[in-house]
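Taking it in order: structure first as structure tokens, then the write-up.
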2 protein chains.
Amino acid sequence: MTERRLQILDAAATLISERGFTSTSVDDVIKGAKLSGKSHFYHYFKSKEELGYEVLNRQFERFADRGLAILREPMIDPLDRLSLFIDAVVALQAESGGRGGSPFGNLAAELADAHEGFRIRIEAVFERWASQIRSLLWEARPQLQEDVDAVRLSRFIIAALEGAVLMTRVKRDLSVLEGIALDLKRFIAMHVRDGVTTVRPRRVE
Amino acid sequence: MTERRLQILDAAATLISERGFTSTSVDDVIKGAKLSGKSHFYHYFKSKEELGYEVLNRQFERFADRGLAILREPMIDPLDRLSLFIDAVVALQAESGGRGGSPFGNLAAELADAHEGFRIRIEAVFERWASQIRSLLWEARPQLQEDVDAVRLSRFIIAALEGAVLMTRVKRDLSVLEGIALDLKRFIAMHVRDGVTTVRPRRVE
DNA sequence: TGCCAGTAGGACCGAACGGTCCTAATTTAT
DNA sequence: ATAAATTAGGACCGTTCGGTCCTACTGGCA
């Protein structure tokens with residue numbers, strides 16, 4: 001029933017993350033999903049716009065399964081989970097072979113100013129993401145310094161990761177992302193209470 | 001002579017930073033620059049692609065004038081310059097009213113995977129930018145810890161700023177960028193040698 | 001049996017796209 | 001004065017775009 005729909009969604013997701021939403025034509029999606037023609041496509045989606053919305057949601061759910069799920073693992077120390085989550089983002093990017101970075105970041109850069117419908121939905125995605133990190137930070141509160149601003153820190157983490165993925169794509173070099181991930185972990189460690197040094201890397205030598 | 005050219009370049013820069021390169025048509029640029037017709041435009045630029053390249057260069061030069069120039073001020077302490085530079089990025093974004101963020105980041109996200117010609121040019125822009133920060137970091141070497149990796153740190157700074165601009169556009173809230181700028185400064189301060197506390201903010205209360 | 005969602009495929013639409021070509025008026029430098 | 005560059009403006013081209021419409025064949029299910 002919805003099998004073919006998912007097929008279309010997947011094909012569209014790949015194309016959009018590689019070439020952007022505007023540069024991905026409905027005909028491309030049809031070719032990618034091996035449909036017979038336009039009417040076949042419009043049997044499942046009422047417009048290209050709606051397709052875009054659903055792709056965005058699906059990408060987020062996928063990301064939530066693979067990445068955000070780690071943030072909720074109840075058996076692992078929250079700060080370790082944060083570290084694992086950052087690793088997961090790196091792994092996710094590694095899988096795509098450097099190409100086609102964060103589907104949210106791409107759509108955000110492309111459509112945030114031009115298309116209010118997308119902007120709002122992307123904002124919601126970021127917000128859901130940020131709230132996951134915020135609640136993790138809240139959970140890790142006993143280990144953190146009192147003056148840690150969870151809202152600001154969560155935004156910083158997301159911004160750093162999004163920027164890192166972008167730079168990695170431009171330079172076609174995964175080590176860029178790896179380096180930034182490392183620095184990001186050090187920055188987070190900076191907020192840990194003195195004495196509660198769970199990971200706390202300082203001065204390597 | 002080249003006056004009209006600059007007019008076109010400016011109009012195109014505005015449009016591209018607002019709607020992206022693909023979604024900006026030559027006709028839009030003509031309208032924006034108040035040209036008489038297509039032939040008038042193609043009198044100055046041989047293709048839309050070439051226009052894009054020149055816009056990219058011009059945007060970088062502008063950014064270099066306003067932002068990167070600060071990094072080279074010889075009379076100011078290097079780490080203070082870095083801080084001022086971050087302030088300049090915030091100010092630049094504030095001027096555009098939250099809309100149309102980093103012209104490099106936008107083009108990068110839109111075209112890095114799709115268009116090799118742009119990818120290479122954007123990579124060069126980032127590289128020039130990174131090298132400015134690297135040489136500043138080199139200059140500040142006596143104040144920094146011995147194990148500071150200038151390459152990695154410069155990349156981190158750029159990634160954080162690019163990601164911050166992106167998030168700010170999505171949320172239409174400049175305070176996002178301001179918060180991240182603050183955290184970024186704290187991260188940089190983390191690399192300062194103990195005892196040489198120029199700015200070093202730790203534990204506010 | 002009849003119904004209906006899914007599959008298949010093609011014709012077609014108006015609009016927008018990047019780009020070319022051509023003519024002619026106006027300005028500028030020599 | 002004259003040649004060259006710039007400005008002006010329109011016609012046109014082939015292609016692609018998102019989207020509609022129409023026909024017809026398939027399968028399963030009541």
Side-chain angles (χ1 to χ4, degrees), chain A residues 1-58 106-107 110-111 113-119 121, chain B residues 1-58 106-107 110-111 113-119 121:
Chain A
M1 173 141 67
T2 50
E3 191 188 328
R4 204 56 166 230
R5 251 183 97 87
L6 297 181
Q7 200 178 337
I8 299 174
L9 249 11
D10 282 341
T14 305
L15 289 167
I16 290 172
S17 79
E18 278 174 1
R19 346 204 292 212
F21 180 74
T22 310
S23 298
T24 298
S25 72
V26 175
D27 285 323
D28 291 336
V29 175
I30 287 166
K31 222 170 286 173
K34 272 148 193 161
L35 300 182
S36 57
K38 282 249 180 86
S39 54
H40 199 178
F41 171 85
Y42 281 99
H43 180 70
Y44 291 98
F45 298 92
K46 57 181 266 243
S47 68
K48 189 195 175 190
E49 202 180 34
E50 203 209 43
L51 171 73
Y53 293 158
E54 292 202 29
V55 166
L56 183 61
N57 281 331
R58 194 166 152 71
N106 285 0
L107 285 177
E110 186 184 351
L111 301 168
D113 290 328
H115 196 299
E116 185 69 5
F118 271 103
R119 206 213 98 227
R121 282 166 177 84
Chain B
M1 174 143 64
T2 50
E3 192 189 327
R4 204 58 167 228
R5 251 184 96 88
L6 297 181
Q7 200 178 338
I8 298 174
L9 249 9
D10 282 341
T14 305
L15 289 166
I16 290 173
S17 78
E18 276 174 3
R19 346 206 289 212
F21 179 74
T22 310
S23 297
T24 298
S25 73
V26 175
D27 285 323
D28 290 337
V29 175
I30 287 166
K31 222 170 287 174
K34 273 149 193 159
L35 300 182
S36 57
K38 283 246 178 93
S39 55
H40 198 178
F41 171 84
Y42 281 99
H43 180 69
Y44 290 99
F45 298 91
K46 57 182 265 244
S47 68
K48 188 195 175 189
E49 203 180 34
E50 203 209 42
L51 170 73
Y53 292 158
E54 293 202 31
V55 165
L56 183 63
N57 281 331
R58 193 165 152 72
N106 285 1
L107 284 177
E110 186 184 352
L111 301 168
D113 291 328
H115 197 298
E116 186 67 5
F118 272 104
R119 205 212 100 229
R121 282 165 176 84

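Each chain gets a letter, A, B and so on, in the order its sequence line appears, and its residues count up from 1.
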Margin query: At under 4.0 Å between heavy atoms, how does the protein contact nucleotides 18-30 of chain C? Give one character per nucleotide, 5' to 3', with B, S or -.
Written below: BBBBB--------

Check: Dot-bracket for DNA chain C, 5' to 3', with Watson-Crick and G-U pairs under 3.5 Å, [ ] for crossing pairs and | for other-strand pairs: what is it?
Finding: ||||||||||||||||||||||||||||||

Round to the nearest Å and state the distance from [X] atom [atom1] to [N] atom [atom2].
X: A:H43; N: D:dT26; atom1: NE2; atom2: P; value: 18 Å
X: A:E3; N: C:dA5; atom1: CD; atom2: P; value: 18 Å
X: A:I30; N: D:dT16; atom1: CD1; atom2: C1'; value: 13 Å
X: B:K34; N: D:dG9; atom1: NZ; atom2: P; value: 14 Å
X: B:D28; N: C:dA15; atom1: CG; atom2: P; value: 17 Å
X: A:I8; N: C:dG6; atom1: CD1; atom2: P; value: 11 Å
X: A:Y44; N: C:dA8; atom1: OH; atom2: C1'; value: 11 Å
X: A:H40; N: D:dT26; atom1: NE2; atom2: C1'; value: 12 Å

Rounded to the nearest 0.5 Å, how far apart are [atom1] of [X] and [atom2] of [Y]?
X: B:I8; Y: B:H40; atom1: CD1; atom2: NE2; value: 6.5 Å
X: B:Y53; Y: B:K48; atom1: OH; atom2: NZ; value: 12.0 Å
X: B:R19; Y: A:E110; atom1: CZ; atom2: CD; value: 13.5 Å
X: A:L9; Y: A:R58; atom1: CG; atom2: CZ; value: 5.5 Å

Notebook entry, point to check: For B:D27 and B:K38, what are the C-alpha separation, side-chain angles and deciding distance, and is it a side-chain contact (heavy atoms from CB on, under 4.5 Å)?
Noted result: CA-CA 7 Å; B:D27 285 323; B:K38 283 246 178 93; 3.2 Å; yes

Check: Among B:D10, B:T24, B:V55, which residue meets the side chain to side chain contact (heavy atoms under 4.5 Å, CB included) test with B:L15?
Finding: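 When B:D10, B:T24, B:V55 are each tested with B:L15, the side chain to side chain contact (heavy atoms under 4.5 Å, CB included) holds only for B:T24.
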
Notebook entry, point to check: Quick one: does B:V26's side chain get under 4.5 Å of B:F45's, heavy atoms only?
Noted result: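 Result no, sub-4.5 Å side-chain heavy-atom pair not found.
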
Checklist line | Distance below 4.0 Å between A:R4 side-chain N/O and C:dA8 OP1 or OP2 | finding: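 Looking at the OP1 and OP2 atoms of C:dA8, one of them is under 4.0 Å from a side-chain N or O of A:R4.
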
Item checked: Partners passing ring-ring contact (aromatic ring centres under 6.0 Å, His included) against A:Y42 (at least two apart in sequence or in another chain) ->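 Counting only residues at least two positions away or on another chain, A:Y42 forms no ring-ring contact (aromatic ring centres under 6.0 Å, His included).
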
Notebook entry, point to check: Hey, what's the ring geometry for B:F118 with B:H115, parallel, tilted or perpendicular (30° and 60° as the breaks)?
Noted result: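 Ring orientation, 0 to 90° scale: perpendicular.
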
